[in-house]
Amino acid sequence: MIEKALPAAIRGLCAGGALLGAGVLALPAQAQAPADTSQTMQKVEIVGTSIRRRLEAQTALPITSLRAEDFAKQGLSTAQEVLATIPMNQTSTGASQSVGSGTGGRATANLRGLGGDKTLVLLNGRRLANHPFFADTVDLNIIPVAALDRVEVLRDGASAIYGSDAIGGVINFVTKRSYRGLEVSVEAYEPVGSGGGDEQRINVIGGWGDLATDGYNVLGIVDFHRQSALTATDRDFARTGVRPERGMYQTSGTTFPANFYSENDISGNPSFASGCRPPYSIPNLTGGPSCRFDYTQFVDLIPLTKQETFLGRFSKKLGADHTATLEYLHSRSTNEARVAPPPLAGIGLTMTNTSPFYPGAGITPAVAGLTGEPLDVSWRPLVTGKREGLDVSLSDRLLAGMEGTMGGWDYNAGLSYAVGRARSAFTNGYVIDARMIEGVGNGLLNPFGEQTPAGNDYLRQSLLQGEYLRAKIKSGAIDFKASRELMNLPAGPLGFALGGEFRRDEADYRVNRALASQASSSGYADAQDQSGSRNIGAVFTEFNIPVIKDLEVNLAARYDDYTDFGHSFNPKVALRWQPSKQVLVRGSFNKGFRAPTLYDLHGPQTTTNTSSPWDDPVLCPGGTAAPGANPNLACDQQQNQRQGGNPDVKPERSRTYSAGIVLEPTRDLTLSLDYWDIRLKDQISPLAEESIFGNYQKYQNLYVYNAARTRLDYVLTITQNLGEVKTRGVDLGLLWRLQRGQWGNFTLGVDGTWVDRYDYQNERNGPFTVNAGRYADASPVFRWRHNASLGWTRGPLNMTLSNRYLSGYDDQPDENGLVPGRVGHYSTWSLAGTYTANQKVSVTAGVKNLLDDDPPFTVQSTTFQQGYDPRYTDPLGRTFYVRATYKF
């Protein structure tokens, strides 16, 4: 993909017909200079179309383009941070969501809020292997940020060219095509607040040869990035889950000292009378002589993460018209996350009156009503420390490609093989359940107080360490596409393209049951090995038809055939009309199809805790334990949920409309407006726990109890087909270029998205839930998001002031559906300056979150972090950074 200067008449239009103002990072002065219209126009290929076209003929599809040289100006150090500045990216999964959630440390994008599995991520126009966990999206951690030239975002929805599964849109990371010389860059980020969260990066880029003159080029890029952990206690707004004055009381009934329940229907805690053991253990505020555990104080806001990436490419000219490429990508990402010590509840932890630690036996305070009967104990052994897990993800892709011109056709073909591997391991804090049961039963362990030396030694020998889960996903593919102008029509040339691909995907999930089964708190105690594979074939075609002068129609279609789901035909129609040099009108319609991933079908089913504590609607209705029910398990407690793959899941289908207008009233001002409307059927997703526990009458078939109905074994939250999703909104863009001579050049850009509607069903033909502007089930959808920047350039100095804004929304409702309040808007400012001393040295210094604003308060309980929402906001606060580059 080669970018050239545009003619003055359409200056500001980016590849694909979108204005640069539609995706704004500050533009350097040289990008704003009028182009030399006398230069030879060169054909290029742009995201969203396979037809190679001349630059003056822009397409009808809305594209946002971000240049890599602008990333540093906003302090964007990872691909996830880059995508967070794109307003149509409603949310993203990152390192913070790996804390207690088993995501493998992956980072994902989520265009239009439809889910990361409906956002197609490409590298140089081709697919990468998805992360093995969930297998539904590419892990952004494997993207070689240092190698990028730009990021292109096709906002139009399902693509007949790249894949009809791109229902939310396409993100194409475009790397440098060639490089000569050697360049070293070093970056450092340091938060002003105490604790961790600091970052360091170093990357080296080297290249030899010139394709034009030498006929070859060798490119190599090595990148290392590290961010230290930040704990909840390092930030006042997130240090505790107990803020009753704000309506937040996120605690666990499994605590230290332990709560107990007897067969005589007596429950309590021996330390309750003395106030439990603050700050971690506090008296139960909702009734009963028991204690609650503030687990938030033990979690990481940001875990320790490391990314190591290598990209190597060799390109060779074969004659004047052909270029062969061999490319290898390797990436390794590690994530070390910590949560509270293990909750030992409902595993048969029983104390008899022969224990020296039995209440009233002399060491532990007596509890009224106990007559020596056995006690069911709910305990956290704090002395074993936080549970710590290590996730390691590796990705490799080897690609051989050929492109050029033959017989009047422009062609591009490739053969690739990609492997994604991931593994998870216990590194500290997890304990062997059987030894805990034995230690409490024989009177060696004291769940109500301090341990004896023998007890401490026993606990140290009960720690569980080692790898408990390993997953691999393999994808081999061959693809080709070719395009040419078939004939000259009265209004211009008729463009034509065709292409196809064949892909084989395999997924394998292996659980070390000998290890995982020993710890119920692992979530994989009863998981089974799973595997699956499929072949996918696809052909597509595209026509670009000039109907009359300045009016053209683009027709495209894609046919996909899955060995496990049959075939699907999905068309796309786009219209482009440019009645004058100042006005461009565009619109499109397309259909989409997404088959379930191999993980959706074959992912191992696991039993783990819910994110939030809930009252069992049968055993603890209204918050009061039923006769014979253990309140330490049934009331205000994290319940068990069984999640994983489902072989009965069916494909999703969608349709998308879009229409837009681009205005350039003067050569220095560009405005754009694009309306979009998406309808998705048979959404593939687990049902949110909030829905299940919020409506027992409706979902009682998902509750699985033991035979005596004295214990909820789990609620079923496996992947399934839900109902429809309907969403619509408007993307707005502004780019204003001001050249002021001796005062330098100024650029003002605003890129925003307004969501007018986001409604979804939790089952086919069910009622719609309104999500726009409010927290519904598991997340909010922001009405308005924007990224704005003001750039100034004069000589070797460039300054950028940027603002990221997310509108407020109604907070997460409680179990009775009552909204506790409004979550405020989130607005952060960043300032950076770059000084280019000479052709070899440049330095960037800046500050993120200039005003040191805390994230807005929310009572959300979907993530382990409390007091704010880590999916949309940054807990670091004001952070200074510096980046130095030296070219040899």
Side-chain angles (χ1 to χ4, degrees), residues 3-35 46-48 55-56 58-71 73-74 76 82 85-89 150-156 576 578 580-586 660-675 730-741 743-754 784-794 798-805 829-830 832 834:
E3 289 189 301
K4 306 286 281 186
L6 299 179
I10 56 171
R11 187 167 50 87
L13 288 174
C14 75
L19 299 170
L20 284 174
V24 287
L25 294 177
L27 302 178
Q30 57 266 33
Q32 303 162 28
I46 54 184
V47 66
L55 281 169
E56 66 266 41
Q58 301 301 308
T59 70
L61 305 179
I63 309 292
T64 293
S65 184
L66 310 175
R67 293 178 306 172
E69 63 192 68
D70 295 316
F71 297 167
K73 297 175 184 177
Q74 294 196 39
L76 308 176
V82 171
T85 67
I86 301 175
M88 69 283 307
N89 186 38
R150 66 188 183 276
V151 180
E152 301 171 331
V153 182
L154 174 60
R155 298 179 272 125
D156 189 48
R576 176 194 178 279
Q578 189 172 358
S580 69
K581 294 180 179 180
Q582 292 77 32
V583 179
L584 171 68
V585 179
R586 59 191 177 205
I661 185 170
V662 181
L663 303 175
E664 197 170 55
T666 70
R667 61 181 300 172
D668 294 325
L669 178 62
T670 303
L671 305 168
S672 67
L673 183 151
D674 287 283
Y675 168 82
V730 176
D731 296 330
L732 299 168
L734 177 149
L735 179 63
W736 190 15
R737 302 162 293 271
L738 297 172
Q739 300 185 29
R740 290 294 179 262
W743 298 103
N745 299 326
F746 295 85
T747 304
L748 173 64
V750 180
D751 184 15
T753 295
W754 169 262
W784 173 255
R785 295 185 57 154
H786 77 240
N787 191 57
S789 63
L790 175 64
W792 171 73
T793 302
R794 185 185 182 196
N798 180 288
M799 299 289 293
T800 303
L801 176 67
S802 58
N803 173 251
R804 179 175 173 236
Y805 180 91
W829 294 85
S830 298
T834 300

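Just so you know, these numbers use all the heavy atoms, side chains as well, and skip hydrogens, waters and symmetry mates. For this chain, numbers begin at 1 and follow the sequence in order. Everything numeric here is computed off the predicted structure, so don't read it as measured data.
Inter-residue side-chain proximity for Val153 and Ile63 is flagged as unmet; no heavy-atom pair is nearer than 4.5 Å. Looking at heavy atoms from C-beta onward, Arg785 lies in side-chain contact with Arg804 at the 4.5 angstrom threshold.
Atom-to-atom distance recorded for Ser802:OG and Leu76:CG is 7.5 Å, nearest 0.5 angstrom. Atom CH2 of residue Trp829 and atom CG of residue Asn803 lie 4.0 Å apart, to the nearest 0.5 angstrom. Rounding to the nearest 0.5 angstrom, the gap separating the CG atom in Leu738 from the OG1 atom in Thr747 is 7.5 Å. Atom-to-atom distance recorded for Asp668:CG and Leu748:CG is 12.5 Å, nearest 0.5 angstrom. Interatomic distance, CG of Leu669 versus CD of Gln582, reported as 11.5 Å (0.5 Å rounding).
Nearest heavy atom pair, residue Val151 against residue Val82, reads CG2-CG1, 4.4 Å. For the pair Ala788 and Val750, the tightest heavy-atom approach, listed with the atom from each and the gap, is CB-CG2, 4.0 Å. The shortest non-hydrogen separation linking Gln578 to Val583 is CG-O, 3.1 Å. Closest approach of Asn787 to Thr85, counting heavy atoms only: CB-O, 3.3 Å.
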Take Glu152 and Ser65, measure what side chain to side chain donor-acceptor pair (under 3.5 Å) needs, and give me the verdict at the end. CA-CA 5 Å; Glu152 301 171 331; Ser65 184; 5.2 Å; no

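Residues satisfying the side chain to side chain contact (heavy atoms under 4.5 Å, CB included) test with Val730, not counting sequence neighbours, are Leu673, Tyr675, Leu732. Shown here are the side chain to side chain donor-acceptor pair (under 3.5 Å) partners of Trp784, two or more places apart in sequence or in another chain: His786.
Tested against Thr753 for a side chain to side chain contact (heavy atoms under 4.5 Å, CB included), the candidates Asp731, Ile86, Asn89 yield a single pass: Asp731.
Within the 3.5 Å criterion, the main-chain N or O of Trp743 finds a donor-acceptor partner in the side chain of Trp792. No donor-acceptor pair under 3.5 Å is formed between the side chain of Arg586 and the backbone N or O of Val662. Panel note: side chain Arg667, backbone Arg737; no donor-acceptor pair is recorded below 3.5 Å.
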